[in-house]
Protein chains: 2
Amino acid sequence: MIQKPEYTQTWFCISANLRKACRAVTQFYSEVLLPAGVEKTQFTLLVTISMIGQPTITDLTDALLMDQTTVTRSIHLLKAKGWVTSAVGTDKRTRLVTLTESGDQVVAEAFGLWQEAQGQMVSGLGQADADRLLELLEKAISVTQRG
Amino acid sequence: MIQKPEYTQTWFCISANLRKACRAVTQFYSEVLLPAGVEKTQFTLLVTISMIGQPTITDLTDALLMDQTTVTRSIHLLKAKGWVTSAVGTDKRTRLVTLTESGDQVVAEAFGLWQEAQGQMVSGLGQADADRLLELLEKAISVTQRG
DNA sequence: TCGCTTTACATGTATATACATGTAAAAGGA
DNA sequence: TCCTTTTACATGTATATACATGTAAAGCGA
């Protein structure tokens, strides 16, 4: 029962389809990561922290294109779980975030599981399409950034 | 300062990149939809309701690949805003969701704005890449569904 | 028809996310 | 140095999202 035929255009909404895929794919990865006791988004944060070494909140905001308040709150969670600590930097406005030993272990364990999920996803898509998808996501982001 | 070189693999995480793009693109559309006073995700729901006509919660769950509880809560919000009503169906377990007149108007108004956002996005990507992106998102979803 | 199973929602709880705004520290100019 | 502006975070509030679980109605077999 289509009431307004032109509304069918919205089936091709880039945003809605991205969100839909996001929900499905996030759950897929989350299930695989479950045994490590870490959420998908938390894992991304932890790995990013591990790679940067001692990022500030702003560093993470830039790396993940997340709102600063979102990063702050996520870090609080990670602190509550004992996976990271934060200290005031030389610039006393900043907070330097560091993985704890426990956080290090969680990342190491989750990394193996992540590789599984990623492997399944990439082989399901095919390497070429996986690459192409990442490219297009990047391109979509750049469209939003240049206003 | 890379601590564990193998962790750089996670830069290619399909899930993380999807989420990142999702955040950026959702904000892009949301800004355009702002004048209509409707959130991006709410717009998607409203349009879907408009097109199906009188969906149940389950119909919406299937159409949007959302968790049932997420749909239930979103519908509550739409009801609070006076954009939809729900009634018990013939099968008394179901709830039939219908747009109110006010909801109809909001959709109509937001649809125009959505077309703008979508137009900018598609022209930014190029029609071919936009199509390809939707295809790949669909493919990614299908990979998650066949477990 | 009775009782068990399944289905369709609703609720409690927790994380993810962002906007508006507040606070403190750094930066810069007079 | 003092004052204004900018920067880096934190907090209040609201929506988005899902898992575990609860409840009521429908389906179904004996």
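Labels below follow one simple rule: chain letters A, B, ... track the order of the sequence lines, proteins then strands, and each chain is numbered from 1. The model shown is predicted, which means the values in this text are computed figures rather than measured ones.
Following rounding to the nearest Å, B/K40 (NZ) and D/dT17 (P) show an atom-to-atom distance of 10 Å. The interatomic distance linking A/Q42 (CD) with D/dA18 (C1') rounds to 14 Å, in whole Å. When rounded to the nearest whole Å, the span between CG of A/L78 and P of C/dT15 equals 10 Å. Atom CD in A/E39 sits roughly 15 Å away from atom P in D/dT17 (whole-Å rounding). Here D/dC19 presents its P atom at 13 Å from CE of B/M66, a figure rounded to the nearest Å. Note: CD1 (A/I75) to C1' (C/dT15) measures 14 Å, nearest angstrom. In this structure, CG of A/D67 is placed 16 Å from P of D/dA16, rounded to the nearest angstrom. Straight-line distance from the CD atom of A/E31 to the P atom of D/dA18: 12 Å, rounded to whole Å.
Side-chain contact of A/Q118 with B/Q9: a donor-acceptor pair under 3.5 Å is absent, judged by distance alone. Counting only N and O atoms by type, the side chains of A/T94 and A/D91 include no donor and acceptor under 3.5 Å apart. In this structure, a donor-acceptor pair under 3.5 Å is present between the side chains of B/T72 and B/Q68. At a cut-off of 3.5 Å, with distance as the only test, a side-chain donor of A/T26 or B/R19 sits close to an acceptor on the other residue.
Residue B/T70 places at least one side-chain N or O under 4.0 Å from the OP1 or OP2 atom of D/dA18. Look at A/Q27 and you'll find a side-chain N or O under 4.0 angstrom from OP1 or OP2 of D/dC19.
The main-chain N or O of B/L125 is found under 3.5 Å from a side-chain atom of A/K139 such that the two form a donor-acceptor pair.
A salt bridge is absent between A/D67 and A/R73; no separation between the charged side-chain nitrogens and carboxylate oxygens falls under 4.0 Å.
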Side chain to side chain contact (heavy atoms under 4.5 Å, CB included) assessment of A/Q54 paired with A/V97
CA-CA 5 Å; A/Q54 206 172 40; A/V97 181; over 6 Å; no
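Where A/K92 and A/L65 each meet DNA chain C at their nearest nucleotide, the meeting point lying more 5' is that of A/L65.
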For nucleotides 3-11 of chain D, 5' to 3', base contacts (B), sugar-phosphate-only contacts (S) and non-contacts (-) with protein non-hydrogen atoms under 4.0 Å give ----BSBBB
